[in-house]
Amino acid sequence: MLDIKFVRDNVDAVAEALARRGFQGSFDEFLESNRRRLALLKEAEELRNRRNTVSQEIGRMKRSGIDASEIMAEMKSVGERIRLIEEDIRIIEDKQSEFLLNVPNMPHRSVPVGRDETENVEIRRWGEPRRFDFEPLNHWDIAERLDIIDFQRGAKIAGSRFAVMKGMGARLERALMNLMLDEHTSRGYKEIFPPLMVNRASMTGTGQLPKFEAELFRVLDPEYYLIPTAEVPVTNLHREEILNELDLPIYYTAYTPCFRREAGSHGKDVRGLIRQHQFNKVELVKFVRPEDSYNELEGLTLDAEAILQKLNLPYRVIVLCTGDMGFSAAKTYDIEVWLPGQDRYREISSCSNFEDFQSRRADIRFRRDGKKGTEYVHTLNGSGLAIGRTVVAILENYQQANGSVLLPEALRPYMKAEVIE
RNA sequence: GGAGGGGUGGCUGAGCGGUUGAAAGCGGCGGUCUUGAAAACCGUUGUAGGAUUAUAUCCUACCGUGAGUUCGAAUCUCACCCUCUCCGCCA
């Protein structure tokens with residue numbers, strides 16, 4: 001959510017920044033209703049002030065036995081007027097927050113302007129895509145031959161976009177989870193295992209709601225939402241809290257399953273493990289001081305890259321252009337891993353700085369050491385990494401001519417094996 | 001699921017429907033004392049919105065959340081949320 005006062009005082013700059021990411025709305029009505037709200041607020045406060053002082057006077061009169069029925073009657077009508085004004089204010093505020101909750105974040109000035117993913121900009125590459133002396137297979141062919149992923153039965157017991165991991169496939173999933181958590185905790189991230197279902201306030205805090213309800217799985221009675229990423233519960237850990245500057249930065253890492261409706265992606269990636277309704281992910285989340293957040297974004301991205309380097313998987317880092325960024329982000333790097341089976345780079349991690357967009361929604365503040373008052377923290381998060389897609393990358397990059405998969409060195413202790421065959 | 005007890009400031013914990021934004025203690029901060037520290041003593045110590053040139057002053061709101069009663073509610077009523085104890089059920 002954007003800052004009402006900032007929007008009010010910088011409408012043109014805000015509108016310009018949002019136009020860069022393709023946002024169309026107008027702020028005219030918002031500004032007008034904001035003016036009305038302030039006028040009403042002032043009126044209500046003056047009336048309340050009068051009521052407070054007179055009510056005290058009534059108390060004094062009653063104690064000394066003076067009849068106060070006349071001013072009591074007058075105050076009754078003042079009370080009615082306050083009630084009416086408050087009702088008007090409430091209506092305006094509801095409309096305003098509904099509007100603001102649906103306005104995306106402003107892109108950072110370093111973000112390239114562009115319309116869609118074709119205008120994202122590559123920042124760096126790491127590793128050399130391997131040359132195969134045979135035709136590399138898709139991961140689903142590799143996995144089915146090795147009998148480590150069962151898509152058919154996944155569909156039978158749940159539906160499309162579900163898979164069953166079996167044997168060394170299941171172990172690979174578990175091994176990656178451990179390798180990633182070990183790596184991140186050794187870099188100073190605190191491990192969290194949060195609830196996988198959260199309430200509406202949490203989903204609103206990180207920006208999934210109200211705009212993206214269609215992408216979430218929902219539990220009825222009692223009402224919960226399945227998390228689409230650990231970002232949601234982990235960022236909301238500090239919702240409505242005032243943190244101490246000396247405790248910042250806070251680094252968390254969390255393994256969780258993630259649940260997504262994938263409502264808008266019919267026909268996309270229908271085969272294989274790339275796009276599932278349920279997938280595992282290790283997430284990185286940071287709470288930092290505003291002045292540190294862009295450095296922290298670089299560090300966060302490097303921490304995610306470290307996993308790919310350990311696994312010796314070639315990748316590139318791109319910065320998303322204004323038109324391709326997520327709703328809440330001010331700047332996003334995507335890490336894309338090389339997939340020989342698809343002959344292209346595919347997203348395996350997305351690392352974003354949200355600045356104070358989420359912290360304002362979720363009311364996560366901090367107090368400067370020795371200073372009065374509070375400020376919003378900056379929040380960041382990134383995948384470190386999506387485990388299902390890492391499985392895909394390992395299968396495709398490490399496949400052998402005989403159909404087996406040689407395991408990356410770093411994974412062998414976790415797998416208690418050198419090869420899947 | 002059944003029965004009962006609670007939700008007050010950073011923490012503990014008072015609070016008759018009317019000088020309670022809220023006692024007291026702890027913690028924090030400042031000071032006196034001390035070579036220094038501790039102890040003791042004194043003072044201070046929430047958040048947000050608004051008025052004003054102003055971190056000084058003033059106003060408003062906030063005692064789980066939301067409605068209600070009242071001239072006036074932390075204090076009364078209702079609903080919801082959370083939490084604790086006991087019983088039942090259960091991985």
Side-chain angles (χ1 to χ4, degrees), chain A residues 1-9 30-101 193-205 209 218-225 233 236-248 250 257 287 356 359-377:
Chain A
M1 187 164 66
L2 302 180
D3 181 2
I4 293 187
K5 270 193 282 188
F6 185 82
V7 172
R8 189 202 303 159
D9 298 340
F30 171 79
L31 288 176
E32 177 52 32
S33 74
N34 199 49
R35 272 191 287 275
R36 279 225 333 271
R37 190 189 81 96
L38 275 184
L40 288 172
L41 206 58
K42 201 175 170 191
E43 195 181 346
E45 285 187 0
E46 281 165 0
L47 287 172
R48 270 199 289 256
N49 178 227
R50 182 164 152 64
R51 183 177 68 182
N52 287 347
T53 49
V54 173
S55 289
Q56 278 187 27
E57 181 59 27
I58 289 172
R60 274 192 290 273
M61 288 169 75
K62 286 200 150 186
R63 268 193 302 268
S64 46
I66 304 170
D67 175 56
S69 52
E70 197 172 311
I71 47 176
M72 276 168 65
E74 189 199 336
M75 283 307 106
K76 195 176 171 70
S77 73
V78 168
E80 283 306 312
R81 281 176 60 199
I82 292 172
R83 208 185 302 263
L84 291 174
I85 294 169
E86 281 175 340
E87 176 65 11
D88 288 347
I89 292 172
R90 202 183 53 78
I91 291 169
I92 291 173
E93 285 180 343
D94 285 353
K95 270 175 82 173
Q96 285 200 336
S97 69
E98 193 198 325
F99 173 77
L100 276 184
L101 286 173
F193 187 71
L196 307 181
M197 298 191 282
V198 301
N199 56 32
R200 197 176 171 86
S202 293
M203 284 295 181
T204 306
L209 290 179
R218 200 171 154 190
V219 176
L220 303 169
D221 194 29
E223 182 175 291
Y224 290 115
Y225 293 87
N236 277 283
L237 234 33
H238 295 300
R239 174 154 52 86
E240 289 152 44
E241 289 184 12
I242 299 173
L243 304 168
N244 193 325
E245 180 182 17
L246 300 178
D247 295 331
L248 300 179
I250 296 173
F287 300 81
D356 59 5
S359 59
R360 182 170 292 109
R361 283 175 163 246
D363 193 19
I364 307 169
R365 291 173 286 165
F366 77 103
R367 201 189 311 277
R368 300 257 180 205
D369 193 38
K371 290 240 174 83
K372 285 214 149 212
T374 61
E375 294 173 50
Y376 289 107
V377 301

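Side chains are part of it too, since the values below use all heavy atoms of this structure and drop only hydrogens, waters and symmetry mates. So that the names make sense, note that chain A is the first sequence line, chain B the second, and so on, each numbered from 1.
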note = Sequence neighbours excluded, the answer for salt bridge (charged side-chain N to carboxylate O under 4.0 Å, His left out) partners of E86(A) is R48(A)

ask   = For F99(A), which residues count as a ring-ring contact (aromatic ring centres under 6.0 Å, His included) partner, sequence neighbours excluded?
value = F27(A), F30(A)

inquiry  = With salt bridge (charged side-chain N to carboxylate O under 4.0 Å, His left out) as the rule and sequence neighbours excluded, what pairs involving residues 58-67 of chain A come up?
reply    = E57(A)-R60(A)

note = When rounded to whole Å, the CD to P distance for the pair E241(A) and C11(B) reads 11 Å

Return the polar atom pairs (N/O with N/O) between nucleotides 18-21 of chain B and the protein under 3.5 Å, or none.
residue : atom : partner : partner atom : Å
G18(B)  : N2   : S55(A)  : O            : 2.8

inquiry  = Return the pairing partner of A40(B) with a 3.5 Å limit on both distances, Watson-Crick or G-U wobble; otherwise return none.
reply    = U32(B)

ask   = Between A24(B) and A38(B), how far is it from one P atom to the other, in whole Å?
value = 24 Å

ask   = If pairing requires Watson-Crick or G-U wobble contacts with both distances under 3.5 Å, which nucleotide is the partner of G4(B)?
value = C84(B)

task = By nearest nucleotide on RNA chain B, pick out whichever of I71(A) and E46(A) is the more 5' one.
result = E46(A)

ask   = Which base sits across from G18(B) as a Watson-Crick or G-U pair, both distances under 3.5 Å?
value = C71(B)

Less than 3.5 Å apart, which donor and acceptor atoms pair up between the side chains of residues 35-43 of chain A and the rest of the protein, not counting sequence neighbours?
residue : atom : partner : partner atom : Å
R35(A)  : NH2  : E32(A)  : OE1          : 3.3
R37(A)  : NH1  : E93(A)  : OE2          : 2.6

note = Rounded to whole Å, CD of E240(A) lies from C1' of U65(B) at a distance of 11 Å

request  = Starting from P on C29(B), measure out to CG on L246(A) and report it in whole angstrom.
outcome  = 11 Å

Please tabulate the protein-to-nucleotide N/O contacts below 3.5 Å involving nucleotides 44-51 of chain B, giving atom names and distances.
residue : atom : partner : partner atom : Å
U47(B)  : OP1  : R367(A) : NH1          : 2.7
U47(B)  : O3'  : R365(A) : NH1          : 3.1
U47(B)  : O2'  : R365(A) : NH1          : 3.4
A48(B)  : OP1  : R365(A) : NH1          : 3.3
A48(B)  : OP1  : T374(A) : OG1          : 2.4
G49(B)  : N2   : E45(A)  : OE1          : 3.2
G49(B)  : N2   : E45(A)  : OE2          : 3.2

task = Ignoring backbone atoms, establish whether N52(A) has a side-chain N or O less than 4.0 Å from OP1 or OP2 of U60(B).
result = yes

query = Mind checking who C78(B) pairs with, Watson-Crick or G-U wobble, both distances under 3.5 Å?
reply = G66(B)

query = Atom CG of D363(A) and atom P of C62(B): how far apart are they, to the nearest Å?
reply = 18 Å

inquiry  = Return the pairing partner of G27(B) with a 3.5 Å limit on both distances, Watson-Crick or G-U wobble; otherwise return none.
reply    = U45(B)

key: Distance, rounded to the nearest Å, where E74(A) contributes CD and G72(B) contributes P   = 13 Å

inquiry  = Give me the distance, rounded to whole Å, that separates A61(B) from A22(B) when you measure between the C1' atoms they each carry.
reply    = 15 Å

message = Is R51(A) close enough to G72(B) that one of its side-chain N or O atoms is under 4.0 Å from OP1 or OP2 there?
response = yes

request  = Please state the P separation for the pair G15(B) and U8(B) - nearest whole angstrom.
outcome  = 14 Å

message = Can you check the distance between G5(B) and C78(B), where both ends of the measurement are the P atom (answer in whole Å)?
response = 13 Å

task = Tell me, with the steps shown, if H238(A) and I250(A) meet side-chain contact (heavy atoms from CB on, under 4.5 Å).
result = CA-CA 10 Å; H238(A) 295 300; I250(A) 296 173; 3.9 Å; yes

query = Just wondering, do P194(A) and L237(A) contact through their side chains at under 4.5 Å, heavy atoms?
reply = no

query = For residues 75-87 of chain A, which residues have at least one heavy atom under 4.0 Å from RNA chain B?
reply = M75(A), K76(A), R83(A)

query = How long is the span from the CG atom in L31(A) to the CZ atom in R8(A), to the nearest 0.5 Å?
reply = 9.0 Å

note = The side chain to side chain donor-acceptor pair (under 3.5 Å) partners of N52(A) (sequence neighbours excluded) come to none

message = Which residues pass the salt bridge (charged side-chain N to carboxylate O under 4.0 Å, His left out) test with K95(A), not counting sequence neighbours?
response = E29(A)

task = With sequence neighbours left out, write down each residue that passes salt bridge (charged side-chain N to carboxylate O under 4.0 Å, His left out) with R239(A), or none if nothing qualifies.
result = none

query = Would you say C59(B) has OP1 or OP2 under 4.0 Å from some side-chain N or O of N49(A)?
reply = no

request  = List in chain and number order the residues that pass salt bridge (charged side-chain N to carboxylate O under 4.0 Å, His left out) with E98(A), two or more places apart in sequence or in another chain; answer none if no residue qualifies.
outcome  = none

request  = For Y225(A), enumerate each residue passing the side chain to side chain donor-acceptor pair (under 3.5 Å) test, keeping only those at least two apart in sequence or located in another chain.
outcome  = R200(A), E213(A)

